[in-house]
Amino acid sequence: MVWATIVFSLRCACFQHIFCDMVLCIWWTIKPLFGIPHLQKAFSSMEVLDCLKESSALFLDIMFCISINCIRIKQASANSSPMEDSLLCAEMDIEEGCHRDSRRMQGFWDHIVFRSIISVMNSGLGKQLGFDDLLSLPIDMDPSTCHKELLSCWQHQHNNSSSNASLFRAIFSAYGWPYLRLGLLKVFNDFIGFAGPLLLNKLIRFLQQGSGNLDGYVLAISLGLVSVVKSFSDTQYTFHLSKLKLKLRSSIMTVIYHKCLSVSIAERSKFSEGEIQTFMSIDADRTVNLCNSFHDMWSLPIQIGVALYLLYTQVKLAFTAGLAITILLIPVNKWISELIASATEKMMKQKDERIRRTGELLAHIRTLKMYSWESLFSSWLMDTRSLEVKHLATRKYLDAWCVFFWATTPTLFSLCTFGLFTLMGHQLDAAMVFTCLALFNNLISPLNSFPWVINGLIDAFISSRRLSRFLCCSEQKPELERKAKFQPSFSNEKYDLVSNDMVVVMHDASCAWSSDNEDQNLVLNHVTLSLPKGLLVAVVGEVGSGKSSLLNSILGEMRLVFGSIYSSGSVAYAPQVPWILSGTTRDNILFGKNLDSQRYADVLEACALDVDISLMAGHDLAYIGEKGTNLSGGQRARLALARAMYQDSDVYLLDDILSAVDAHVAKWILQNAILGPLVEHKTRILCTHNVQAISSADMIVVMERGHVKWVGNSSDLAVSAYSGFASVNDFDASYIHSKLYSTNTSNMDKQSPLLENNTLDVPLEAQDIIKAEQRKEGKVELIVYKKYAGFAGWFISVVILLSAILMQASRNGNDLWLSYWVDTTGISQGKHSTSFYLLVLCIFCIINSSLTLVRAFSFAFGGLKAAVQVHNTLLNKVINAPAQFFDQTPGGRILNRFSSDLYTIDDSLPFILNILLANFVGLLGIAVVLSYVQVFFLLLLFPFWYIYSKLQFFYRSTSRELRRLDSVSRSPIYASFTETLDGSSTIRAFNSEDYFLARFTELVAQYQRTSYSELIASLWLSLRLQLLAASIISFIAVMAIIGSHGSLPISFGTPGLVGLALSYAAPIVSLLGSFLTSFTETEKEMVSMERALQYIDVPQEELRGFQYLNSSWPFQGVVEFQNVTMKYIPSLPAALNDITFTIAGGTQVGIVGRTGAGKSSVLNSLFRLTPICGGRILVDGLNIVDIPVRDLRARLAVVPQSPFLFEASLRDNLDPLRMSNDAKIWDVLEKCHVKEEVEVAGGLEAKVKEAGTSFSVGQRQLLCLARALLKSSKVLCLDECTANVDAQTASILQKTISTECQGMTVITIAHRISTVLNMDNVFVLNQGTLVEEGNPNALLQDEYSIFSSFAKASTM
């Protein structure tokens, strides 16, 4: 009554201040502690009503304590932070005010029983769930709010102690108090768990006395009610804890993403790309699991302590025998935990490396297929995987020892305790034995959980340390001025002087790509440069002279070692390797800005994209695949330029954008874009080898080996100052000076009304290039389980199953023997001696321990074998998939299989399967024993099983869909993250970090919604199952009371069996919930296996062929195309259209044409990357379809359009198969004019950084050419291999190719007309059709030829 009056009074504001005073709140908290002695005294007496009275009073005290503190916290949070959620308001009506939704207010009861999920579950029964069907997120779970909260705490940490900042401390600052307050509910939840064994003791004693009063019925019903209260408190604790975990997960993911957007490329070089991807996919999840482990760390010892104290009240000091076993195991488990931590750290390093290698393989799979290196790369990847598996095996077998020690502890505990108790001369009785057994059962969960809790904490601390190290990276400064540490800089007066008319001022600046202070490998060396506003500045120089590095130093992407750099105004940047976003063409150009139709149309026309877009299905809403996979190299370059042009910035940094396009387009872009009206008064800094662009520049900067060699204008630029400016031939020279801008021979002068008329008014569907991620429907099929068992091995699967069943049988036998012992000693002094009973108990214990060991190790072995087999099969199938599969599937989606899904198969799936099997055999054992002991239980078994099956069917149909949605919503997060890592420098240059963070936050919000719906669904089920189990306990207890009165025709047997039945009924609450949870979790985890199997079943390239090849084939190098038609995707227009030509053996042929004309498609067909639809291709008279595809590719040499270097030694990059000696390699490097750079880098054993970033793009292209020449093939294909080198180097290379490739068939795809002028033949392509062929010099003489028009436009 007192509490009810106070709670009612709290509705008045004035009373709230009185009752919620801090001193009073502390008193309310302490008061229940004083009630414990009274409760103990009541329980020591045999008066049932006194026990209930004291229990109820203490229960009310605890509830009121929690409630009053909740109200006080609510008041405080309302005053300080409106966003903060108290997390403990589940126990009272104030919850309604806490979680009020704008659309609908849920009632307190609806919230307690999770009724909100029913609408989702009804939808899940009838159809495949979509994202629109999910529950909406509560306001406080919005990822942007969570991000700001954690970020501000981290920044506070970092500012206070930058060297020793800890993510763990930042997490505690953000979420610590709500989390600690949850501990109160945890304490209540744990303590109410012990009410069951105490009531059981009273009930069995009541049965032994055979009293006929109503106390037995009160005890039986109380046993059920305690289970009901435990169910509600348990689900509420789980709900609030999981909600906090979801908030923390979104915070960590967005903070990692934010960091990637803010850290310069030089600073990020401390970490490999695979390592950073692991931060997002694995370390974030493991850090979040800290929430579970931390409360369990203090809660489990308390539970164990209380259980031991209650055991002491039953068996006095005999429990110390069992305790001794437990204490002896503590140092053993600590030692095992340390070994597990060490193995985990090593495993994570190998996992990082494996994911990096996998990412590298997927990013360059097309090139690897052309080189026929995919098997080689996969073997390197398998070596890394084998090291990872070695550490995983160590961890798994150590885990198996943990499982063995903790699973056998309860059995050893009972043996030692009862053994010592009887040896001390005491008599066993049913009440004491079965109360102890119930307490042992209470011990099983905390004892078994403890090693996992320790492992979870270790994993979480390791991951949080890894994340802290990454988050401690210094961010790129947003200020306009950057100074090197401890170095002199300009005075402020000088900056004021230059800032008005200078856009960039570099004073004695030295920059390096490495973030390591010890690595002083300077790429820019003491550069002093001032660039005025409003000019076109051409930055020229030979390959590797530092042109791109100069732009990156202005952007702040390099480490400034010495000097200072000042820049002003907004920046737009077009990198040398264009970064293309997965999305529509329009998305790529707008880059987060609003659409200005007129400027948009002008930009498309200036960048010569209007014609290309008009030919695309869907126009500017055509979907572009990952990294622009469905665009040609020239289209990608123009798209990146259009993005920069659209921004209307003050400064345009354009890195060699003209080299990827043909002569016509280059001329158009120079005139209409770079020199055009859109940017004519802006500063344009252009790195280029294009002679016409150099001659048009207002200012020229000549770079040489990281120094500024010369600065001036084009009229002052002598041939000696920059020899690359000298024309390659006289033909080109005549056009440089005449500056012909005639566009008569090109169709570029056509205006494009397409955009106003079509695209901007009529929204069209995005073109379906990238396939939507497939999602299975219905339950996880039995075939998935069979496949997993097959990967683990059928023999080991049978061993695991048999050992688990026999282990449970030995445990049940142990308990039945104890029951028999109690009954026989109760009747008389016993037929056998105490030592006989102890010996049999000991035999059961040894059998149980042995079978536990077999099960633990066979599970570890089977799980490891499955993990190895799944990875190897998946990798083998993916690398043998056709190129089209990679064009249509984003790399992030495939990488998700190799990172997140494989981590589940490695770690979580065997773990949860083990728990499922233990729960299943445990339930089976309970059902068998209960049916044997109480026949009436069989009456309840069938209706109970009917309700149970209906519940789980209703739940599982939705949980599967939610799990699949969860996986599908996770893939875009990783795809977006991987994409952002590649383009972070571009994003920073455009100052678009906020736009990309908002995009990422939307993806995380969608992921959060699926996880939140999953959580509510699982708790909905858990609550109903626990209530169902509570009814079983009440039924068995009541039937035992009725049976004890002798009013039933069937006898319930001895008191020992009745006690056994009741002690077995008690854990059914947790075991039933645990069984279905583990079952649904297994199904959820099996979705990862299902997703892996999807890619194990991808179509495969036709690798085999019946044509045997001679070791020296091809002999002559004759290539014939006969009526070849080729489409990349059936729905797209043909890339090659009925094309026929013959290339004679030993001749050099050039293929020219506009961007997207089908030049690269010729090579794709020749290398069988894309199967042809019609016609045939012959090489030396053999149809290439009949030749094994890897043999074909291995016999042809190629230099791809995008140069490819991987992280390994330079020697491995040039000759990974070790076919050439060092002398030959150095000779080829010298011929390719890259020997000097290789010597500077450290020789052939020098380590190449990820994607070859230690070399310029031009140098990478030259190294790829050297690699092709080392192959000594009769057919050499060059796909624009001189596009990124200066004119002088290109000229030397052409001479090298001419002399070194005598007798070889050389097929060159070219944009520079000078590249093909000295060749034997030239083919002109247009829209996939051969429109002209002949000798280039003969075609030049014909002024009406298409090739002649190309030549007139060319100034390269």
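Only this structure's heavy atoms are used, side chains among them; waters, hydrogens and symmetry mates stay out. Here the structure is a predicted model, which is why all the values come from computation and not from measurement. Position 1 is the first residue of the sequence; numbering continues from there.
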### Task
With side chain to side chain contact (heavy atoms under 4.5 Å, CB included) as the test, would you mind laying out the steps for Phe977 and Ser281 before giving the verdict?
CA-CA 10 Å; Phe977 184 61; Ser281 60; over 6 Å; no
### side chain to side chain contact (heavy atoms under 4.5 Å, CB included) between Thr980 and Tyr257, worked out
CA-CA 9 Å; Thr980 303; Tyr257 187 83; 2.8 Å; yes
### Query
What's the verdict on salt bridge (charged side-chain N to carboxylate O under 4.0 Å, His left out) for Lys1271 and Asp1215, showing C-alpha distance, side-chain angles and the deciding distance?
CA-CA 8 Å; Lys1271 203 169 184 179; Asp1215 182 31; over 6 Å; no
### Query
Does the side chain to side chain contact (heavy atoms under 4.5 Å, CB included) test come out yes or no for Arg1218 and Arg1211, once each step is laid out?
CA-CA 8 Å; Arg1218 304 273 167 166; Arg1211 199 192 194 295; 3.3 Å; yes
### Query
Are Lys547 and Asp656 close enough, and set up right, to give a salt bridge (charged side-chain N to carboxylate O under 4.0 Å, His left out), and what steps lead you there?
CA-CA 9 Å; Lys547 301 185 295 298; Asp656 203 17; over 6 Å; no
### Task
Decide side chain to side chain contact (heavy atoms under 4.5 Å, CB included) for Leu1244 and Leu1214; before the verdict, give the C-alpha distance in whole Å, the side-chain angles of both, and the deciding distance to 0.1 Å.
CA-CA 9 Å; Leu1244 294 180; Leu1214 293 169; 4.3 Å; yes
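Checking Tyr974 against Ser899 by side-chain atom types alone, no donor-acceptor pair falls below 3.5 Å. Side-chain atoms of Glu979 and Ser582 include a donor-acceptor pair closer than 3.5 Å. Judged by distance alone, the side chains of Arg356 and Thr384 never bring a donor and an acceptor atom under 3.5 Å apart. One side chain, Arg1190 or Asn880, offers a donor N or O that lies under 3.5 Å from an acceptor on the other. Between the side chains of Ser985 and Tyr573, no donor-acceptor pair is found at a separation under 3.5 Å. For the 3.5 Å distance criterion, the side chains of Thr278 and Asp352 qualify, holding a donor opposite an acceptor.
Remark: Glu542 CD to Met703 CE distance equals 12.5 Å, nearest 0.5 Å. The distance from atom OG of Ser372 to atom CG of Asp1191, rounded to the nearest 0.5 Å, is 7.5 Å. Between the CD1 atom of Ile1096 and the CD atom of Gln869 there is a distance of 10.0 Å, given to the nearest 0.5 Å. Note: Ile1307 CD1 to Leu1166 CG = 5.5 Å, rounded to the nearest 0.5 Å. Note that the CZ atom of Arg893 and the CD atom of Gln1094 stand 10.0 Å from one another [nearest 0.5 Å]. In this structure, the separation between NZ on Lys270 and CZ on Arg469 is 8.5 Å, given to the nearest 0.5 Å.
In terms of modelled atom types and a separation under 3.5 Å, the side chain of Arg385 and the main chain of Arg354 share no donor-acceptor contact. Judged by distance alone, the side chain of Lys346 and the main-chain N or O of Lys390 form no donor-acceptor pair under 3.5 Å. Glu360 places a side-chain N or O within 3.5 Å of a backbone atom of Glu1207 that can act as its donor or acceptor partner. Looking at Ser1273, its side chain does come within 3.5 Å of a backbone N or O of Arg1195 through a donor-acceptor pair. The backbone N or O of Asn525 sits nowhere less than 3.5 Å from a side-chain atom of Arg705 that would complete a donor-acceptor pair. Gln1100 places a side-chain N or O within 3.5 Å of a backbone atom of Val1098 that can act as its donor or acceptor partner. Proximity of a side-chain donor or acceptor of Arg1168 to a complementary backbone N or O of Ile1184 within less than 3.5 Å is detected. A donor-acceptor pair is defined here as one N or O able to donate and one able to accept, closer than 3.5 Å; such a pair exists between the side chain of Arg1193 and the backbone of Phe1167. Between the side chain of Asp655 and the backbone N or O of Cys687 there is no donor-acceptor pair closer than 3.5 Å. Of the possible donor and acceptor atoms, none in the side chain of Arg636 sits under 3.5 Å from a partner among the backbone N and O of Ile580.
Of the residues listed (Leu1169, Leu1196, Asp1279, Leu1278), the one engaging Leu1163 in a side-chain contact (heavy atoms from CB on, under 4.5 Å) is Asp1279, and it is the only one.
Between His871 and Phe898, the ring planes lie perpendicular to each other; the angle is over 60°, past the 30° to 60° tilted range. In this structure, Phe1204 and His364 have tilted ring planes: the angle between them lies in the 30° to 60° band. Below 30°, between 30° and 60°, or above 60°: for Phe377 and Trp373 the angle between ring planes is below 30°, a parallel geometry. Ring pair Phe279/Phe470 is tilted by interplanar angle, where 30° to 60° counts as tilted.
No side-chain heavy atom of Lys369 sits under 4.5 Å from any side-chain heavy atom of Val1189. Using a 4.5 Å cut-off on side-chain heavy atoms (C-beta onward), Ile256 and Asp283 make no contact. Inter-residue side-chain proximity for Leu1263 and Glu1237 is flagged as unmet; no heavy-atom pair is nearer than 4.5 Å. Contact of the Tyr371 side chain with the Cys1264 side chain is registered, since non-hydrogen atoms from C-beta on lie closer than 4.5 Å. No side-chain heavy atom of Asp383 sits under 4.5 Å from any side-chain heavy atom of Arg357. Side-chain atoms of Cys473 and Lys259, non-hydrogen and from C-beta on, do get closer than 4.5 Å to each other. You'll find the side chain of Leu555 stays beyond 4.5 Å of the side chain of Arg988, heavy atoms only. Taking 4.5 Å as the limit, some side-chain heavy atom of Asn896 sits within range of a side-chain heavy atom of Arg970.
A pairwise comparison of heavy atoms in Ser378 and Leu361 identifies N-CD1, 4.2 Å as the closest pair. Scanning all heavy atoms of the two residues, the minimum distance from Glu374 to Leu368 falls at OE1-O, 3.5 Å. Nearest heavy atoms, Phe1206 versus Asp1212: CZ-O, 3.5 Å. For the residue pair Ser984 and Arg268, the shortest heavy atom distance occurs at OG-NH1, 2.9 Å. When all heavy atoms are compared, the tightest approach of Leu1270 to Lys1224 is O-NZ, 3.8 Å. Leu1276 and Ala1268 get closest at one heavy-atom pair: CD1-CB, 3.6 Å.
Residues Tyr1095 and Phe885 place their aromatic rings such that the two centres sit under 6.0 Å apart.
Not counting sequence neighbours, the partners of Lys1235 by the side chain to side chain contact (heavy atoms under 4.5 Å, CB included) test are Trp1226, Leu1229, Glu1230, Glu1239.
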